[in-house]
Amino acid sequence: MKKQVLALVMAAVMAGSLTACGSSAADTTTAAQAATTAQAEEKKEETETETEAAGDEDGVLVMATNAEFPPYEYHDGGEIVGIDVEIAEAIAEKLGKTLEVEDIAFDSIIPEIQSGKADFGAAGMTVDEDRLKNVDFSDPYTTASQVIIVKEDSDIAGPDDLSGKYIGVQLGTTGDIYATDYEEEGSTIERYNKGFEAVQAMLQGKIDAVVIDIEPAKVFVSQNEGIKILDEALTVEEYAIAVKKGNTELLEQINGALAELKDSGELQAIIDKYISAE
Ligand code: GLN
């Protein structure tokens, strides 16, 4: 890395000397600026190397998420906010790192962690047997359930009535996994990139029901007329943070931070800020 930076400085200096012969002062300034920037880069690089030696990668923790899942992660103006974002920020702070949030498709989160492009995934992600083959999960930080949203006048009154119906889900979610079981009973599963797109499709009469996590379900129902959540839930699940398989160092750090956040009441306070008690 350092060699590359040096090469850059050399190139800039050379460019500077080239333009110096009979060219404008402006060019020379640009070249000089480039050299300065390159030097600054080199300095930064040195600092980073020092931190690395102290066992701290680069001071940044990259969180992969899908910001279409209120109240856990969603867009608010230009910002990505929500329970998971605040929990991740609190963890990063405890670890002395800066949090960077990467908003990608839900089914890209695990590959992103596996490739090392993201340090962890926090996306209302349910701990699930199949996922455990590809990533490790932290201790759970909350429980959730899969619920069914239908139109208020629907003849679907519970899970058994989903047979033979058109069911909308968010692609790659546990809702998708559970709804897929109904294919054997003649149901058709429509998979959308965003949970809200499934709700819109139902409002337009394209599908009969949506299977999704309870909290986003509540948000979507509160924002739209004429739809409701059925009382009987399909499953109960636990949300946890996913890290690269075998990254026990980060996993232990996250679990330690989560335990502190639980003990101090901070975790509950973050949840309460977004979910009002019934
Ligand atoms: N809890 C669900 C899952 O893990 C949905 C998560 C999401 O859509 N962000 O698949």
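Numbering of ligands and ligand atoms starts at 1, following listing order.
- Atoms of ligand 1 lying under 4.0 Å from any heavy atom of Ala123, numbered from 1 in the order shown and given with element: 6 (C), 7 (C), 9 (N).
- Side-chain rings of Tyr72 and Tyr274 stay apart, their centers remaining 6.0 Å or farther from each other.
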- Message: With salt bridge (Lys or Arg N to Asp or Glu O under 4.0 Å) as the criterion, how do Glu266 and Lys273 come out once you've worked through the C-alpha distance, each side chain's angles and the decisive distance to 0.1 Å?
- Response: CA-CA 10 Å; Glu266 238 174 298; Lys273 184 175 156 189; over 6 Å; no
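- The closest approach between Tyr239 and ligand 1 falls below 4.0 Å for a heavy atom of the residue.
- Taking each heavy atom of Ile87 and Leu261 in turn, the nearest pair found is O-CD1, 4.3 Å.
- Counting atoms of ligand 1 from 1 in the listed order, those under 4.0 Å from a heavy atom of Met125 are 4 (O).
- The protein heavy-atom contact nearest to atom 6 (C) of ligand 1 is Gly124 O, 3.3 Å.
- Two rings, from Phe69 and Tyr74, have their centers 6.0 Å or more apart.
- The closest approach between a heavy atom of Arg131 and any atom of ligand 1 is below 4.0 Å.
- Near Thr173, with a cut-off below 4.0 Å to any heavy atom, the atoms of ligand 1 are 5 (C), 8 (O), 10 (O).
- Within a 6.0 Å sphere centred on NZ of Lys194, other residues, nucleotides and ligands contribute 12 heavy atoms or fewer.
- Partners of Glu100 under the salt bridge (charged side-chain N to carboxylate O under 4.0 Å, His left out) rule, at least two apart in sequence or in another chain, do not exist in this structure.
- Summary of contacts: the protein heavy atom closest to atom 8 (O) of ligand 1 is Gln170 OE1, 2.8 Å.
- Under the 4.0 angstrom criterion for non-hydrogen atoms, Asp213 is in contact with ligand 1.
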